[in-house]
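Since the model is a prediction, treat every value here as computed from it, not as a measurement. The chain is numbered in sequence order, starting from 1.
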Amino acid sequence: MISLKNNLYRSHMCGKLSSKHIGAEVKIAGWVNNIRKMGSLTFLTLRDQTGIVQVFIEDDSLTQNLTRESTVTISGTVRSRGEKNINHDMATGEIEVVAKTLEVLGACEETLPFEIVRAREQNENTRLKYRYIDLRNEQNYKNILLRADLLKFIREQMNDLEFVEVQTPILTSSSPEGARDYLVPSRINAGQFYALPQSPQIFKQLLMISGFTRYFQIAPCFRDEDARADRSPTEFYQIDFEGSFLSQEDILEVLQTILYNTLTHFTTLQVDKPPFVRIKYNDSMEMYGSDKPDLRNPLKLICLTEPFTHHTFTVLNGKHIYALKAKANEMGRRFFDGLTDFIKLQGAGGLVYLKFDGESLSGPASKYFDENDLNNLKKIAGLEAGDTLFVVCDADKEKAMKLTGLLRNELGEKLNLIDKSCFKPCFIVDFPFYEKDDDGNVAFAHNPFTFPQGGMSALKEMNPFDILAYQYDLVLNGVELASGAVRNHSRDVMVEAFRLAGYPRETVEEKFPALFNAFKFGAPPHAGAAIGFDRLLMFLCDESSIKEVMAFPMNKSAQDPLMGAPSNVTDKQLKDVHIKIDL
């Protein structure tokens with residue numbers, strides 16, 4: 001830290017004072033955290049970035065009209081508080097500063113809009129409108145400090161892995177990458193628009209073609225998406241990296257190295273050691289009903305389609321049927337009704353549950369299941385005394401699996417099955433290259449710049465929906481933390497891949513001219529990934545909302561109550577960028 005010996009306001013930081021400073025003359029500065037009057041004597045605590053320290057003031061005139069949250073500078077002598085007066089809840093609890101002078105630098109002239117210690121109890125818009133006060137809350141403040149530590153740690157790791165930090169443009173061209181673009185009108189080029197990058201995808205591929213062996217940046221990404229707990233509606237950051245002449249195995253090695261080192265450095269929870277569990281996409285859907293399974297949850301899907309799809313129970317007839325088995329026989333009717341309501345909200349027709357006491361089934365639907373059915377359930381599901389079978393079905397197989405996966409998550413929470421003492425990462429690999437859109441047509445399932453397994457031969461000879469991609473996700477405790485792929489580096493493969501998805505060659509040339517032309521000039525094989533920086537920080541801070549780890553986030557409506565964004569602009573500003581508003 002820079003020396004403070006010539007600082008006008010402080011010679012020491014509050015939280016750095018300790019018993020080794022007893023007898024020293026010090027000058028400290030910060031916010032008045034608390035004031036306690038005892039007759040003519042005053043005790044206050046002073047807070048700065050490093051922590052708080054108690055100040056003893058004998059001269060009552062120094063604290064006339066002094067208010068909490070004012071900024072002050074205090075000079076005085078450090079002394080011991082004595083064995084009986086030690087505050088073990090404060091890092092500086094063994095000492096205090098006996099004040100000689102106190103100068104108010106910035107008075108807090110108004111009543112705070114809310115108590116800082118109760119900041120998190122306020123509604124979102126109030127917190128964000130007064131974010132500079134909200135951030136004074138200890139937990140909020142620590143989250144931002146940890147963010148800085150994580151930024152530094154990630155950069156050190158990437159440098160150790162010989163990745164070179166390169167910054168890519170914020171103003172670029174619009175491209176169909178999945179989410180809506182944020183558009184920026186051009187003043188100089190009338191009627192034309194820039195777009196804020198959804199990711200540095202094309203730029204990092206161009207860097208590989210430029211000859212940079214390994215690239216990374218902690219990149220801002222802008223997507224016009226609806227907000228949710230782990231997604232900002234406007235802007236977020238990702239740890240973006242790419243390497244030329246690297247394979248899928250190389251990138252997975254980098255991912256697990258970064259994540260394992262980060263989790264073990266910043267947390268005390270148990271972390272599964274590399275190599276991380278690897279699960280194929282289809283297997284993940286069949287086992288967990290999700291491509292981002294929480295492996296802390298022991299429940300797995302049980303497929304009951306084959307023996308029960310032709311059952312006389314009309315609810316199951318002709319359906320794809322999946323079940324979950326859990327010890328829940330002792331749960332009351334409200335529990336089961338709650339699960340039924342939950343699964344219906346997700347789009348299911350209902351929930352069938354069967355309790356087994358070791359001899360027979362019970363539950364509202366048990367009358368439809370005979371002895372032969374019970375034997376099938378014992379054989380397939382391994383049904384034992386005390387087990388409850390939760391059955392979900394749908395005419396669409398993928399929907400049936402996803403619904404059961406959502407129920408798996410809910411049961412894990414309701415029955416306290418999830419081990420909260422650990423981190424269980426895994427890789428999901430072998431994603432489908434294509435999927436059906438709402439009209440049944442071929443569409444890209446993930447990043448359109450991914451290389452298909454089998455290359456051109458697969459595109460030419462296979463059913464598009466059977467083609468797999470060199471696409472991989474890193475999942476942590478049920479959250480997609482990172483995604484990446486081996487990239488396409490061939491113009492011919494690129495054109496054919498887009499053709500199958502309904503885009504002619506002309507569209508590819510028009511939408512991706514830089515990449516399309518660059519592939520002509522010796523493009524190396526390359527691969528990479530991007531880790532959600534804010535999501536990773538959420539885990540380290542043990543937060544459930546991404547807003548809690550960002551300094552100045554937007555609200556759920558993509559508005560900033562603090563700065564008043566988005567806002568109206570003047571007619572002159574609109575005229576400068578050749579825009580008329582027609583509402």
Side-chain angles (χ1 to χ4, degrees), residues 165-210 212 215-227 231-238 240 242 444 447-449 487-488 491 494-495 498 501-521 523 528 530 533-534 550-583:
E165 186 168 10
V166 182
Q167 295 168 311
T168 54
I170 295 300
L171 291 178
T172 183
S173 61
S174 178
S175 65
E177 291 189 44
R180 295 182 185 89
D181 285 325
Y182 279 104
L183 301 177
V184 180
S186 171
R187 176 184 62 83
I188 297 173
N189 304 286
Q192 295 184 310
F193 292 80
Y194 302 102
L196 303 183
Q198 294 188 31
S199 74
Q201 179 65 52
I202 293 178
F203 287 112
K204 66 184 179 183
Q205 291 194 248
L206 292 173
L207 285 171
M208 297 300 100
I209 298 168
S210 301
F212 292 91
Y215 137 92
F216 91 96
Q217 70 172 316
I218 300 173
C221 302
F222 306 88
R223 297 179 188 176
D224 187 359
E225 298 179 307
D226 293 336
R231 184 170 71 192
S232 170
T234 52
E235 170 185 356
F236 62 93
Y237 283 78
Q238 64 186 34
D240 199 59
E242 198 84 7
F444 287 109
N447 191 319
F449 304 106
R487 317 299 182 186
N488 183 18
R491 278 210 311 172
M494 182 181 184
V495 168
F498 274 87
Y503 298 93
R505 180 189 181 98
E506 295 74 24
T507 300
V508 178
E509 291 186 59
E510 177 188 350
K511 293 294 184 182
F512 313 107
L515 205 56
F516 186 83
N517 290 323
F519 282 168
K520 292 187 297 185
F521 298 101
F533 179 84
D534 307 288
M550 305 173 80
F552 297 102
M554 297 281 187
N555 66 16
K556 61 184 177 183
S557 300
Q559 298 170 319
D560 180 359
L562 173 62
M563 301 300 293
S567 62
N568 297 322
V569 296
T570 66
D571 290 339
K572 183 181 185 305
Q573 287 174 293
L574 292 173
K575 186 177 180 180
D576 285 345
V577 291
H578 321 287
I579 286 179
K580 289 183 178 180
I581 295 179
D582 182 15
L583 296 177

*Asks:* Sorted by first residue and then second, give each salt bridge (charged side-chain N to carboxylate O under 4.0 Å, His left out) pair with at least one member in residues 501-510; sequence neighbours left out.
*Replies:*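 Those involving residues 501-510 are R505-E509.
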*Asks:* With sequence neighbours excluded, tell me which residues meet side chain to side chain donor-acceptor pair (under 3.5 Å) with N189.
*Replies:*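 Side chain to side chain donor-acceptor pair (under 3.5 Å) check on N189 returns S186.
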*Asks:* If the plane angle is over 60° it's perpendicular, under 30° parallel, otherwise tilted; pick one for Y503 and F498.
*Replies:*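 Taking F498 first and then Y503, their aromatic rings stand perpendicular (interplane angle over 60°).
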*Asks:* Would you say L515 and L206 make side-chain contact, with heavy atoms under 4.5 Å?
*Replies:*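 Yes; the side chains approach each other to less than 4.5 Å.
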*Asks:* Let me see the working for F552 and M563 under side-chain contact (heavy atoms from CB on, under 4.5 Å), right down to the final yes or no.
*Replies:* CA-CA 10 Å; F552 297 102; M563 301 300 293; over 6 Å; no
*Asks:* Got P197 and F203 here, is their nearest side-chain heavy-atom distance under 4.5 Å?
*Replies:* no
*Asks:* Decide if atom CZ of F516 counts as having more than 12 heavy atoms of other residues, nucleotides or ligands within a radius under 6.0 Å.
*Replies:*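 Yes, because the 6.0 Å sphere around CZ of F516 holds more than 12 heavy atoms from other groups.
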*Asks:* Under 4.5 Å between any side-chain heavy atoms of M494 and F519, yes or no?
*Replies:* yes
*Asks:* Decide yes or no on side-chain contact (heavy atoms from CB on, under 4.5 Å) for D181 and F193, but give the supporting numbers first.
*Replies:* CA-CA 11 Å; D181 285 325; F193 292 80; over 6 Å; no
*Asks:* R487 and N447: side-chain contact (heavy atoms from CB on, under 4.5 Å), yes or no, with the steps?
*Replies:* CA-CA 9 Å; R487 317 299 182 186; N447 191 319; 3.9 Å; yes
*Asks:* Who pairs with D534 by salt bridge (Lys or Arg N to Asp or Glu O under 4.0 Å), at least two apart in sequence or on another chain?
*Replies:* R147
*Asks:* Which salt bridge (charged side-chain N to carboxylate O under 4.0 Å, His left out) pairs, counting each pair once, include a residue from residues 199-209, with sequence neighbours left out?
*Replies:* K204-D240, K204-E242
*Asks:* Do L196 and V184 make a side-chain contact, defined as non-hydrogen atoms from C-beta onward lying under 4.5 Å apart?
*Replies:*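 Answer yes - side chains close enough.
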*Asks:* What pairs with E165 under salt bridge (Lys or Arg N to Asp or Glu O under 4.0 Å), at least two apart in sequence or on another chain?
*Replies:*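 E165: salt bridge (Lys or Arg N to Asp or Glu O under 4.0 Å) contacts with R155.
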*Asks:* Examine distances only and state if a side-chain atom of Q205 and a backbone atom of I202 form a donor-acceptor pair shorter than 3.5 Å.
*Replies:* no
*Asks:* Report, as yes or no, whether the 6.0 Å neighbourhood of atom CZ on F212 holds more than 12 heavy atoms from other residues, nucleotides or ligands.
*Replies:* no
*Asks:* Return the set of residues passing side chain to side chain donor-acceptor pair (under 3.5 Å) with S567 (not counting sequence neighbours), or none when no residue passes.
*Replies:*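 So S567 forms no side chain to side chain donor-acceptor pair (under 3.5 Å) with any residue.
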*Asks:* Give the minimum heavy-atom separation between I218 and Y237, together with the two atoms involved.
*Replies:* O-CD2, 3.9 Å
*Asks:* For residues 575-583, please give each side-chain donor-acceptor pair under 3.5 Å, one per line with the distance, not counting sequence neighbours.
*Replies:*
from, atom 1, to, atom 2, distance (Å)
D576, OD2, K572, NZ, 3.3
H578, NE2, R187, O, 2.8

*Asks:* Quick one: are C221 and Q198 in side-chain contact, heavy atoms under 4.5 Å?
*Replies:*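 Sidechains of Q198 and C221: no contact.
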*Asks:* Roughly how far, to the nearest 0.5 Å, is CD of Q192 from CG of L183?
*Replies:*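 Reported to 0.5 Å precision, the distance equals 12.5 Å.
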*Asks:* Output yes when R180 and E225 qualify as a salt bridge under the 4.0 Å nitrogen-oxygen rule, no when they do not.
*Replies:* no
*Asks:* If the condition is side chain to side chain donor-acceptor pair (under 3.5 Å), which residues does S557 pass it with, not counting sequence neighbours?
*Replies:*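 Side chain to side chain donor-acceptor pair (under 3.5 Å) check on S557 returns nothing, list empty.
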*Asks:* How long is the gap from CD on E235 to CG on D224, to the nearest 0.5 Å?
*Replies:*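 It comes to 13.0 Å.
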*Asks:* Checking T234 now: which residues fulfil side-chain contact (heavy atoms from CB on, under 4.5 Å) with it, not counting sequence neighbours?
*Replies:*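 With neighbours one apart ignored, the set is Y182, S232, M554, A558.
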*Asks:* Just so I know, are the side chains of F512 and F449 near enough to count as touching, which here means a heavy-atom distance under 4.5 Å?
*Replies:* yes
*Asks:* I'd like to know if the side chain of S199 pairs up with that of Q238 as donor and acceptor (distance under 3.5 Å, no hydrogens or angles considered).
*Replies:*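 Side-chain D/A pair, S199 to Q238: absent.
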*Asks:* Tell me, please, which residues at least two apart from P561 pass side-chain contact (heavy atoms from CB on, under 4.5 Å).
*Replies:*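 Only N125, L128, K129, N555 meet the side-chain contact (heavy atoms from CB on, under 4.5 Å) criterion with P561.
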